[in-house]
Amino acid sequence: QVQLMESGGGLVDHGGSLTLSCRASDSRVRNYAMGWFRRAPGKEREFVAAVDRSGHSTHYAASVEGRFSISRDIDKDTIYLQMDSLKPEDTAKYYCARGAGGTWRDYAGDYEIWGRGTQVTVSS
C-alpha cells in the first residue's frame, strides 16, 4: 500500500511562510486527487486544500483561501502546500491524504490513505 510522508513543518512567526511537502512511495498516487487536512489541539480535523489528479483543479477552505496554495509535481509523486501570511490559528498538525478518486473532495471520509502528519506552529 502506498505510504505518504509529510515534511516541512516547523515553528514560524506570525505572518511568516512555510512550504509543506508530501511524497508518496508509489507512483499510482498520480491517478488520485490529493488533499491536506489539519487538526489543532482540542479541535476536529478540518479540510485545508485539495488538488485533482491533473493538478489543474484546486479547492481551499475559506479560512486559508488566498494565503495557501496547493500544487503537485506528478513526476516526483509529491504534493506541496505553500502557506503564506501564517496566523497563530493555523497552528496544527497537517496531514496529507490520497483521495478515493481523481476529483478533489473536501470531506475526510473521501480520502483513503493518510500520512502521519507534520506539526506547524505559528507564534503570536
Side-chain angles (χ1 to χ4, degrees):
Q1 180 173 328
V2 64
Q3 294 183 332
L4 304 176
M5 180 74 71
E6 302 95 336
S7 62
L11 175 63
V12 64
D13 291 334
H14 186 177
S17 298
L18 277 177
T19 301
L20 305 183
S21 300
C22 171
R23 182 167 184 177
S25 62
D26 192 316
S27 63
R28 287 175 290 180
V29 73
R30 302 175 185 184
N31 297 317
Y32 298 90
M34 299 291 291
W36 287 97
F37 290 76
R38 67 187 182 187
R39 176 175 283 165
K43 294 188 177 181
E44 297 286 323
R45 178 175 52 189
E46 65 172 347
F47 169 76
V48 176
V51 59
D52 74 347
R53 59 180 287 183
S54 75
H56 297 312
S57 179
T58 58
H59 179 62
Y60 298 91
S63 59
V64 307
E65 181 86 52
R67 299 187 298 121
F68 290 11
S69 178
I70 188 171
S71 61
R72 69 190 303 168
D73 185 329
I74 293 175
D75 291 336
K76 294 183 178 179
D77 299 321
T78 300
I79 65 165
Y80 303 95
L81 185 68
Q82 174 67 40
M83 305 185 295
D84 298 319
S85 302
L86 282 161
K87 306 174 181 179
E89 51 263 44
D90 294 317
T91 294
K93 195 165 188 179
Y94 285 70
Y95 300 86
C96 73
R98 194 213 76 181
T103 305
W104 59 256
R105 294 286 187 268
D106 59 10
Y107 173 57
D110 290 323
Y111 290 79
E112 298 181 324
I113 298 173
W114 295 79
R116 294 187 175 184
T118 185
Q119 179 68 37
V120 172
T121 303
V122 184
S123 62
S124 57

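Hydrophobic clustering, defined by side-chain heavy atoms of Ile, Leu, Val, Met, Phe, Trp and Tyr closer than 4.5 Å, groups Phe37 together with Phe47, Tyr95, Tyr111, Trp114. Using a 4.5 Å cut-off between side-chain heavy atoms of Ile, Leu, Val, Met, Phe, Trp and Tyr, Met5 forms no hydrophobic cluster with any other residue.
Annotation: salt bridge (Lys or Arg N to Asp or Glu O under 4.0 Å) contacts involving residues 14-31, sequence neighbours excluded, comprise Asp26-Arg28, Arg30-Asp77. Screening residues 3-119 for disulfide (SG to SG under 2.5 Å) gives Cys22-Cys96 as the qualifying pairs, with residues at least two apart or on separate chains. Sorted by first and then second residue, the disulfide (SG to SG under 2.5 Å) pairs with a member in residues 38-93 form an empty list; sequence neighbours excluded. Judged as a salt bridge (Lys or Arg N to Asp or Glu O under 4.0 Å), the pairs with a partner in residues 53-75 (not counting sequence neighbours) are, in order, Arg67-Asp90.
By the side chain to side chain contact (heavy atoms under 4.5 Å, CB included) test, Ser63 pairs with Arg38, Ala61, sequence neighbours left out. Take Tyr32 and apply the ring-ring contact (aromatic ring centres under 6.0 Å, His included) test, not counting sequence neighbours, and it matches no residue. Every residue two or more places apart in sequence or in another chain was checked for a side chain to side chain donor-acceptor pair (under 3.5 Å) with Thr58, and none qualifies.
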Please output the side-chain donor-acceptor pairs of residues 9-19 that fall under 3.5 Å, not counting sequence neighbours, one pair per line with the distance.
residue : atom : partner : partner atom : Å
Asp13   : OD1  : Ser123  : OG           : 3.1
Ser17   : OG   : Asp84   : OD1          : 2.8
Thr19   : OG1  : Gln82   : OE1          : 2.4

In residues 98-109, what donor-acceptor pairs under 3.5 Å come from side-chain atoms, sequence neighbours left out?
residue : atom : partner : partner atom : Å
Arg98   : NH2  : Glu112  : OE1          : 2.3
Trp104  : NE1  : Ser57   : OG           : 2.9
Asp106  : OD2  : His59   : NE2          : 3.4

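Residues Ile74 and Trp36 fall into different hydrophobic clusters, defined by Ile, Leu, Val, Met, Phe, Trp and Tyr side chains chained together at heavy-atom separations under 4.5 Å.
One distance of note links CD of Glu6 with CG of Leu81; it measures 11.0 Å at 0.5 Å rounding. Distance check: Glu89 CD to Ser124 OG gives 10.0 Å after rounding to the nearest 0.5 Å.
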